[in-house]
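First the structure, in the form of structure tokens, and then the observations on it.
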Amino acid sequence: MSESQVWNDVDDHFTTLLAPADETLAAALRDSDAAGLPPINVAPNQGKLLQLLAEIQGARRILEIGTLGGYSTIWLGRALPADGRLITLEYDPRHAEVARANLARAGLDDVTEVRVGPALESLPKLADENPEPFDFVFIDADKVNNAHYIEWAVRLTRPGGVIVLDNVVRDGAVTDGASTDPSVRGTRAALELIASHPKLNGTAVQTVGSKGYDGFALARVLA
């Protein structure tokens, strides 16, 4: 049995036992696939991890950068209390359309808002609204701008808030300081920013599974 097959089997076991799919989540994946969206959503057990992290944080205000079809948004939205709010930013109008339909079917359209456009344009507009600080931020968008997204997350998140950055291992390429891959360079810059930022205390974790060899960074915003 190949190493990747073992990873997949373990993920399947964990998912079946601890993060079983319901019809709402399954339909979100089916509709995303039917609409031609790339199959790059988080794995079910990773979605459950996001939900648990947001619940542990007691998050009332969540910001997501990178919506895709709203699969991870559903997991995060389910962590919100009745008076909670989630704003998610999506570059592609077609992706946003699919996400809105998936969120409505999940019964989360009253507590979630999908904003369309480049995140680096949406974030300044959001800041100009002087919103209530966010408790939890999930970043899973274009990797080139990861460091910029981290900077905006710090600005928009309360002290004690949590920031999660996805896809930081890049199949191990993150260790290559000479890489010319924009996604690797953007991810390295984000990790270096987390390491050096006076308002952040963070770490990164490698993962294997149905999404291959990757990982995530986790940071807490300090006072």
Side-chain angles (χ1 to χ4, degrees), residues 1-57 59 62-80 86 88-92 95 98-99 101-103 105-106 108 112 114 136-143 146 149 162-174 183-184 187 190-191 202-219:
M1 183 180 296
S2 69
E3 189 175 60
S4 61
Q5 186 59 54
V6 173
W7 297 349
N8 290 343
D9 289 347
V10 172
D11 254 12
D12 288 344
H13 178 68
F14 287 163
T15 295
T16 300
L17 188 65
L18 299 169
D22 54 47
E23 178 54 28
T24 297
L25 290 166
L29 293 179
R30 285 198 305 269
D31 286 0
S32 295
D33 184 61
L37 274 62
I40 55 174
N41 49 274
V42 300
N45 53 340
Q46 295 169 343
K48 183 68 173 290
L49 174 63
L50 290 172
Q51 179 182 340
L52 288 170
L53 288 172
E55 289 174 344
I56 291 167
Q57 177 68 1
I62 296 175
L63 174 63
E64 180 182 50
I65 304 175
T67 315
L68 196 60
Y71 182 75
S72 57
T73 321
I74 293 172
W75 282 107
L76 287 168
R78 288 177 171 180
L80 289 171
L86 186 156
T88 181
L89 310 180
E90 173 55 43
Y91 175 81
D92 190 302
H95 295 181
V98 174
N102 285 334
L103 292 167
R105 179 172 46 222
L108 294 169
T112 58
V114 182
F136 190 93
V137 180
F138 177 50
I139 302 171
D140 189 12
D142 63 291
K143 312 310 171 185
N146 271 340
Y149 297 147
V162 169
I163 300 169
V164 178
L165 175 66
D166 202 11
N167 306 130
V168 300
V169 172
R170 318 302 303 167
D171 285 319
V174 71
S183 293
V184 172
T187 299
L191 292 170
T203 190
V205 176
Q206 303 179 79
T207 62
V208 295
S210 60
K211 294 299 176 179
Y213 176 37
D214 214 326
F216 63 92
L218 180 73

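Just so you know, residue 1 is the first one in the sequence shown, and it goes up from there. Atom set for the values below is all heavy atoms of this structure, side chains included, hydrogens, waters and symmetry mates excluded.
In terms of modelled atom types and a separation under 3.5 Å, the side chain of Asn102 and the main chain of Gly69 share a donor-acceptor contact. Gln57 places no side-chain N or O within donor-acceptor distance of the main-chain N or O of Ala59, the cut-off being under 3.5 Å. Judged by distance alone, with hydrogens and angles left aside, the side-chain atoms of Thr67 form no donor-acceptor pair with the main-chain N or O of Gly70 at under 3.5 Å. Side-chain atoms of Glu90 come within 3.5 Å of backbone atoms of Leu68 as a donor-acceptor pair (strictly under, hydrogens ignored).
Salt-bridge formation is not detected for the pair Asp166/Lys211: no Lys NZ or Arg NE/NH1/NH2 atom is positioned less than 4.0 Å from an Asp or Glu carboxylate oxygen.
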Candidate pair Phe138 and Ser72, rule side-chain contact (heavy atoms from CB on, under 4.5 Å), full reasoning:
CA-CA 9 Å; Phe138 177 50; Ser72 57; 3.9 Å; yes

Candidate pair Val205 and Leu218, rule side-chain contact (heavy atoms from CB on, under 4.5 Å), full reasoning:
CA-CA 8 Å; Val205 176; Leu218 180 73; over 6 Å; no

Determine whether Asp142 and Tyr149 satisfy the following criterion, side chain to side chain donor-acceptor pair (under 3.5 Å), listing intermediate values before the conclusion.
CA-CA 10 Å; Asp142 63 291; Tyr149 297 147; 2.4 Å; yes

Going through the distances and angles, do Trp75 and Leu25 end up as a side-chain contact (heavy atoms from CB on, under 4.5 Å)?
CA-CA 9 Å; Trp75 282 107; Leu25 290 166; 3.4 Å; yes

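Here CZ of Phe136 is found 10.5 Å from CG of Leu80. Values are rounded to the nearest 0.5 Å. The distance from the CD atom of Glu64 to the CG atom of Leu76 is 5.5 Å, given to the nearest 0.5 Å. Distance check: Thr207 OG1 to Trp7 CH2 gives 9.5 Å after rounding to the nearest 0.5 Å. Within the model, atoms CG of Leu63 and CD1 of Ile139 stand 8.0 Å from one another, a figure rounded to the nearest 0.5 Å.
Paired with Leu103 under the rule side-chain contact (heavy atoms from CB on, under 4.5 Å), one option of Val98, Thr24, Ile74 passes, and it is Ile74.
Between Asn167 and Asp140 there is a side-chain heavy-atom pair separated by less than 4.5 Å. A 4.5 Å side-chain heavy-atom check between Leu29 and Tyr71 finds at least one atom pair inside the cut-off.
Applying the side chain to side chain donor-acceptor pair (under 3.5 Å) rule to Arg30 yields the partners Glu23; only residues at least two apart in sequence or on another chain are considered. By the salt bridge (Lys or Arg N to Asp or Glu O under 4.0 Å) test, Arg170 pairs with no residue at all, sequence neighbours left out.
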Only pairs under 3.5 Å count here: list side-chain donor-acceptor contacts from residues 36-51, not counting sequence neighbours, and write none if there are none.
unit_1, atom_1, unit_2, atom_2, d
Asn45, ND2, Asp11, OD1, 3.0
Gln46, OE1, Ala43, N, 2.9
Lys48, NZ, Leu18, O, 2.7
Gln51, NE2, Glu55, OE2, 3.1

